[in-house]
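Taking it in order: structure first as structure tokens, then the write-up.
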Amino acid sequence: MKSGGKKKIIHSVVFKSVFGIVLLLTAFSLVVGVIGFNSFTYALLDTYSDDAFYTADTAVTCIDIDRMDAYAESGGKTDEYKEAWNKMETLCNTSGVTFIYVIRPDLTDYKHITFLFSTINYNTDYSCYEFGYVRETTNDEYREKYKRLYSGESERELVIRDKGYIETDPHITAMIPLKDSSGKTTAILCVQRQMETLTGVRNNYLYKIIGLLVITAVLVIIGQSLYLNFVLLKPLSKITKETSRFSKENTAGKTRLQETIKNKDEIGGLAASIDKMEERIVRYVDDLTKITAEKERISTELALATKIQANMLPNIFPPFPDRTEFDIYASMDPAKEVGGDFYDFFLVDDDHLCVVMADVSGKGIPAALFMMATKIIIANYAKMGKSPSEILTAANSAICSRNQEDMFVTVWLGILEISTGKLTAANAGHEFPVLKQDKVFELYKDKHGFVLGGMDGMRYKQYEMTLTPGSKLFLYTDGVPEATNGESQLFGTERMIEALNKQPDAEPKEILQNVRRTVDGFVKEAEQFDDLTMLCLEYKGKDDR
Amino acid sequence: MNIKISKIEKKTIIEVSGRVDTVAAPKFEAAVKEQITDAEELVIDMDKLEYISSAGLRVLLWAQKTMTDRGDMKLINVHENVMEILEITGFSEILKIKQGGS
């Protein structure tokens, strides 16, 4: 099917090109033929008519025009008439014309002619009319000419019977008026001459032109086909083969097309372009393969990084199964593979639980790396037994000393004295915590310090509060209130607090699930834009039961 | 986010409108970095600013640090919602801020 289609196309190219040339050739021959044919006709007609008129002029001397009426009344039997007739017949047979005759048309409407003299050349198949023979005028042309000769409008007329050009027996008739001594036209003398050579010569010429056309056309068809085959089809089929090979294998060919196609024309240009195109595609495919491999590697690494990051955060709940004084639950959902948010909690000693919620500026890998460092720095200072204010101040200095990229992190850090419920906390530019002291969750507008890593030498103030048994603390990053729906509306702190208060007495895990569900219901199909991190701590107090 | 810049001698006013979130922040950063090179006084007009994320705050922090050595930087026409963000993050303590209407 495929190769058949290809052949068809190639043939059609040759056919079109040859057909065009043959068409042009035919048109050219036609023009030459018509011009030549007409030239021949006019030249021969001139010769024949000169000849006929010359004979006519001679024939006039055979008769005495003043005796025309006498001839007409002679019945063809007087000596005078016979002498004239004999002279005319001799002239007819020696001059090579077919007929010489003298007629008188009826002068009312010229529709009939009467023959006075009629002589014929014996070498022809014709026979002559008898004296006094009356016949209808052949056609209007003759009639018109008779009229003109009689009226004196013209002194000689010529009728050419050459209809259809190849018709047999074309002839001309030369006519002159016979005028008596008073100048009156008494009859018309006609000389008819066959133009046998005219047809022969003209036809011969036509045959030669046609023959020449056929031979030239055949030569052109063969020549053009061979030429096209050489300059077009062979290189084209090479190109077709190469491109179909390339489309299957997608590798550079062993030999370049330019080496086998030496044409310095458009075909050569095409071959060069295809060589170049193949080179580029091969290079492009190589690049693409590399990039894809690189992308796959990065995405594998990112997936691994996601796991490592998730595992860096305490994610086994309950984290302290033997501690009944408090319950804690937390979750982090990064917007990208890795995030800049983190939470952390750990026991500094038996009686002190440290809780951290932090948000690094930006997202993705830079934020994740920064977050890892921050988490470790804060945990280290916290485990040294420092107060929240000291921890943040020291962490800020540590982060600022190596922070070339002007990244910063907002941190809320609290240390709970488990035995008493005393919570000491400090806030470095982080969102307000939400506290449930009695029945409902409320925003706790604490004192704010500047973000960590923003400026060296910042000091962070700490504050204290006492948690009663049943109190709950909800910490979050701005991903929660700033979750955005399709209409660019923010979820907002108020909706968040409403969600918390749906079941304020539920366990921390359920509370987080409530918030998450409400956020999802609000955002719907819109893309998660920021990391979403939450932590809920419930203080239960000493289990006295 | 859209940014409009006007200069009066050595004073550069950057008018920032819309949302400066994580996606828009690099554009904001590039604009500020380009304008800040020869400015002695940098004014950031936040009249039409709807929201600024931490990535946007980072640009403000960098600009503040750069301008402390060279001249002066202040935010003008800061609205309540943006002001809230600046206060929570403590940026209100290190930046010169002139508040605008509600």
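The candidate with the highest count of non-hydrogen atom pairs below 4.5 Å against chain B, out of A/Gly429, A/Gly340, A/Ala335, is A/Gly429.
Residues A/Gln437 and A/Tyr444 have side chains that never bring a donor and an acceptor to within less than 3.5 angstrom of each other. Looking only at atom types and distance, the side chain of A/Thr477 has no donor-acceptor partner in the side chain of A/Glu431 under 3.5 Å away. Residues A/Asp478 and A/His430 bring no donor and acceptor atom of their side chains to less than 3.5 Å of each other. Donor-acceptor pairing under 3.5 Å is recorded for the side chains of A/Asp341 and A/Thr533.
Contact annotation for B/Glu87: only backbone heavy atoms (N, CA, C, O) come within less than 4.5 Å of a heavy atom of chain A. Both the backbone and the side chain of B/Ile88 have a heavy atom closer than 4.5 Å to some heavy atom of chain A. Only the side chain of B/Ile94 has a heavy atom closer than 4.5 Å to any heavy atom of chain A. At a 4.5 Å heavy-atom cutoff, the contact between A/Met407 and chain B is made by backbone and side-chain atoms alike.
Ion pair A/Asp406/B/Arg58 not flagged as a salt bridge, since none of the NZ, NE, NH1 or NH2 atoms sits closer than 4.0 Å to an Asp/Glu carboxylate oxygen.
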